[in-house]
Every structure is written in structure tokens, then in C-alpha cells.
Protein chains: 2
Amino acid sequence: MITASVENYLKAVYYLQEESGDVSTSKLSELLKIRPASVTGMIKKMAGINLLVYQPYRTIKLTAKGRREALKILRRHRLIESFLVEIMGLPWNRVHQEAEKWEHVVSDDVVERMAQLLGNPKHDPHGAPIPNKHGAVTPSKNISLAEFPVAVDGIIAEVDDKNAELLRYLAQNGIRPGVRLRIISVEAAGGVMTITVAGKKRILSEKAAHKVYISPRVGKQP
Amino acid sequence: MITASVENYLKAVYYLQEESGDVSTSKLSELLKIRPASVTGMIKKMAGINLLVYQPYRTIKLTAKGRREALKILRRHRLIESFLVEIMGLPWNRVHQEAEKWEHVVSDDVVERMAQLLGNPKHDPHGAPIPNKHGAVTPSKNISLAEFPVAVDGIIAEVDDKNAELLRYLAQNGIRPGVRLRIISVEAAGGVMTITVAGKKRILSEKAAHKVYISPRVGKQP
DNA sequence: TCAAATGTTTAGGTAAGACTAACATATTAA
DNA sequence: TTAATATGTTAGTCTTACCTAAACATTTGA
């Protein structure tokens, strides 16, 4: 049975698989804030229902079924976030937590109804790509602002959605998907950078910069 | 802790209290499809957190807090139903089941946002009154169609929302809140009645008639 | 007043998942 | 190539949040 907890593990496994290629007990443990022993137990359970391939001491891999389920949940999550912002007018930084709850209870066809009302959006309010109904995602090869070159114009593609506090802060500084941005200078020692966002000068911490992603295609030389 | 299960008990207790005045273990057991022994256990737990007053072998009563919580859930449930019909375009007979899941996860302020989007409706799609933010309800003194006089015009006020099958059937026959209706004749032996709904003649089972309520005020003599 | 109906207690079960401590395997660095 | 360190697994418990059957207690009403 795919419980809410299993769904959360699936999201985490998928995320780590995308992020770093290999998924380990310890990474899951850290991400989910669950002790390694418990993670092993759950992983075995999930392998038992064919959501992932597991051999002791080896890296964990999603099966085709597991990947399908993971993308399904991601789709729900991101459509719900979009719905909450676009239709219900919730602030950008609140929708993640709310979607974390909704994603486990909203019926499939109600999710599809949301998609329809929204005009089948390709990205959620943070710029993350929404998998389509068949589980296809266009893997965004966005560049973290922390690795983006200085003095080059870029368009913000995505802003990580986990931390409501940070999101509020970024939103207040005009940092949202679609906005033009340029790094003026980096003070590596101080852990900050000076940028312009939609023409205005801002100081941004390195920590925050890691959560902001720039679209690679639309970057232009100065 | 008010779990989803406690919320369901609260709804049931409130419902029975309205319905018949006194709430007993056996009635709860029957309504919730949970064995009497289990109901006693849960009732004790709920009394422990001050949701209801309980003394062994005596009838169960909601405390002020319990009543407040029950009305809060009822408000959520009915607002969500309205939202699903009005904003999301779900069919009338599907919203009850969906709302049963949503009501336990949607945040308070998101529920209020729904209310606002809907223009603070007073009734849900089945005609049931929606308690206001402070837990006030206008107790509808509607008359079941099974007790309604013959040859008197009435306006449908409410249609019970539990059974999707029955709702679909009633909707197909034009039986919805707001529609004008009149009983032509009752064949008690056959367990059916002949009625006109918005001018059209229909046959209705007694079972179905129990689920349809007529507004008392707008009844007119022939 | 006493049987039937209703309600409660007791003792135990289940599902779903988390935890600690001890043990096993891998990885790395000397 | 062998330790030492890091990582992962097993075994055994615990928790939460219910639910159940069976035996017992109380109330009710014929």
C-alpha cells in the first residue's frame, strides 16, 4: 500500500536520484530526518512492493513503477502549488507546506481538473517543471546562481520551495521566476554577492544564491 | 490531539445531537460502523480532552469546546463541497467523498479563503447550512418529503449528501435545492409516491423521499 | 422483578512506522 | 594490506492510534 509516508520516501529518492545520481540510506536519513535503521526498514518494504530495487549495502534505485509513482506525486504537488497561487491567491511562500498535505488526499481526477483550470502549466510557482500526465519531465538544466558567471544577464528559472522564510525574503527582493538578474560582484570571503534584480541593486547571501536557478538558454553576453 | 478519527466522531456526535437529542454508544456505533466497545474507548479519550461530557451509562453531550470543533469541521466540509462544485466544477454527487478527505488537511486560513472566493455562502450544494466562522448555524427546520403533505407546493431546501448513487439518481430527476415540488399521491403500500418536480411528473421511492427536505416557509396552499 | 437491551471493562490485536544498540560491510588512508 | 572510519543492516522494542471479542455491569421496560 502506498501510504503518505511511502509517498514522501518516493519523493526523496527521486530527488536524490536527480540531484546526485546515487541514493543511499544516509542521504535519505538526513533528508527525511529519520534514523538510518528506520530508512533501511522502509526501503525494504518499498522494494517488497516493487517501487525500488534494493540490495543490502548497494545504492538504491527506483524501478519503472517507483519512478512513475514519484513523478505522479511530484505532478500533484506542483499542480496543487500552482492552483493555490493562481486560483486561490495564496502567497508564494505558503503553498509548499499546504501542498505537502493536499498531495496525499486529492483524487487523481481532481488533480487533473486543477491542471485543466490552470491551462496545463509547465512550471509551478517556483519555476519547477511539472511532469505531464504520463510521467514525462523536461529535466531543467538550470544553473545555480552560486555558479553563475559575473556580469552576465540571466533570467531566473526556479527558486527552491522548501523554506517559507527564505522564500518570503527572496520574494521581497523581487527574486521570482521570470525576472532578469545579473551578478555585479562576488565577495567570497563575506559569503555574499551583489546583484541587480530587475534593475535594482541587492545583496544576496551565498546560502540564498544556492536556492536560485538561472535559465541557461536565455543568458546573454554583456 | 484532534486526529481525523476524532473529527469524524465529533461530526457524528453533533449529527445525532441535532437529529434526536440524545447521543448513545449504540447510535454512534451504528452510524460510524464501529463496535460499541471501541466507541466507548474513543468517547473516554474525547472526554479526556474536554470535547464531551461523559459519565458511564449516561447520554453523551458535547462540551462548548466540542461543539465548537464539530461546527468547525462541518463548516470546512460544507465550504469544501461548495468550492468543489462552484470553483472546480465537480459533479454534485462526487463532492461529499472528496470533502471527507480534504476537511482533515486543509488549513484554517485556506478554508476561509475558499469562503471568501465563494462569497461566504450560507448553504452547501446539497442545501445544508454552513456554520459561520464563529460556529453559529441557523438550524433549518426543514420537513422531510416523507412527512410533507400531499397537494401542497414546496421548495426543495436540502438533499442528504452521503450516498453518491442516490444523489446522482435524484439529480437526474431534477431534484435539487431550490426546485419547486409537489406530492401528487402516495402509494404507501408500494412504498412510492408520485410527485411533480419543476412541472414534470416523477415516481419516487419512500427511501429516497426521506433524503429530500422541503423548506417550511415557502409552502403554499393549493 | 427479571429478561432484554444497552453499555463498559478487560485483555489483546493490528498497522505503520519509528528508535536504540549491536553487528556487518565498505571505504579510505597509512 | 591492513586498520580505522564511515556507512549500512539486524534484532528487538516502542509508540500511536486505533480496533476487536468476550465477559461483565447497568438500565429499561414488559
Side-chain angles (χ1 to χ4, degrees), chain A residues 1-17 19-62 65-66 69-70 73 100-101 103-105, chain B residues 1-13 15-17 19-62 66 69-70 73 100-101 103-105:
Chain A
M1 226 241 126
I2 296 186
T3 61
S5 183
V6 167
E7 291 184 342
N8 290 334
Y9 272 86
L10 277 174
K11 281 195 296 178
V13 173
Y14 180 84
Y15 172 79
L16 291 172
Q17 194 163 289
E19 182 80 350
S20 54
D22 73 22
V23 182
S24 64
T25 302
S26 55
K27 281 181 191 163
L28 280 170
S29 168
E30 197 195 334
L31 184 60
L32 295 168
K33 312 270 178 245
I34 291 170
R35 298 268 160 267
S38 314
V39 171
T40 301
M42 185 53 126
I43 288 304
K44 283 163 87 171
K45 173 192 167 161
M46 289 170 72
I49 53 177
N50 244 295
L51 292 171
L52 32 83
V53 176
Y54 165 72
Q55 287 188 295
Y57 301 104
R58 306 252 139 266
T59 60
I60 294 149
K61 283 196 192 335
L62 289 168
K65 180 183 168 196
E69 291 297 334
I73 299 150
E100 292 264 89
K101 297 188 292 172
E103 66 188 6
H104 305 300
V105 307
Chain B
M1 226 240 125
I2 297 186
T3 62
S5 183
V6 168
E7 291 184 341
N8 290 333
Y9 272 86
L10 277 174
K11 280 195 296 178
V13 172
Y15 172 79
L16 291 173
Q17 195 163 288
E19 184 78 352
S20 54
D22 74 21
V23 182
S24 64
T25 303
S26 54
K27 281 183 191 162
L28 280 170
S29 167
E30 197 195 334
L31 184 60
L32 295 168
K33 312 267 177 251
I34 291 169
R35 298 270 161 268
S38 315
V39 171
T40 301
M42 185 54 127
I43 288 305
K44 283 164 88 171
K45 172 191 168 163
M46 288 170 71
I49 54 177
N50 245 292
L51 292 171
L52 32 83
V53 176
Y54 165 72
Q55 286 189 294
Y57 301 103
R58 306 253 139 266
T59 60
I60 294 149
K61 283 197 191 335
L62 288 169
E69 291 296 333
I73 298 150
E100 292 264 89
K101 298 189 294 173
E103 66 189 7
H104 306 299
V105 308

ask   = At under 4.0 Å between heavy atoms, what does B/M42 touch on the DNA or RNA strands: base, sugar-phosphate, or nothing?
value = sugar-phosphate

Test item: B/E103 and B/N8 side chains (from C-beta on) under 4.5 Å apart, heavy atoms = yes

[X] side chain N/O closer than 4.0 Å to the phosphate oxygens (OP1, OP2) of [N]?
{"X": "A/Y57", "N": "C/dT27", "answer": "no"}
{"X": "B/Y9", "N": "D/dC19", "answer": "yes"}
{"X": "B/S24", "N": "C/dT6", "answer": "no"}
{"X": "B/T3", "N": "D/dT16", "answer": "no"}
{"X": "A/S26", "N": "D/dG8", "answer": "yes"}
{"X": "B/K44", "N": "C/dT9", "answer": "yes"}
{"X": "A/K45", "N": "C/dG17", "answer": "yes"}

task = Provide, to the nearest angstrom, the distance between the CD1 atom belonging to B/I60 and the C1' atom belonging to C/dT6.
result = 12 Å

query = Just how far, in rounded Å, is P of C/dA16 from CE of A/M46?
reply = 14 Å

ask   = Given A/I34 and A/Y9, is the side chain to side chain contact (heavy atoms under 4.5 Å, CB included) satisfied, shown in steps?
value = CA-CA 11 Å; A/I34 291 170; A/Y9 272 86; 3.6 Å; yes

Heavy-atom closest pair, residues B/Y54 and B/A47 = CB-CB, 3.9 Å

task = Among the candidates C/dT8, D/dT9, C/dA18, find the nucleotide nearest to the side-chain atoms of A/S5.
result = C/dA18

inquiry  = Going by side-chain contact (heavy atoms from CB on, under 4.5 Å), A/L51 matches just one of A/V13, A/L10, A/L62, A/I43. Which one?
reply    = A/L10

task = Decide whether B/S24 and B/S26 meet the rule of one side-chain donor and one side-chain acceptor closer than 3.5 Å.
result = yes

task = Please work out which residues in residues 29-40 of chain A have a non-hydrogen atom less than 4.0 Å from an atom of DNA chain C and list them by number.
result = A/I34, A/R35, A/A37, A/S38

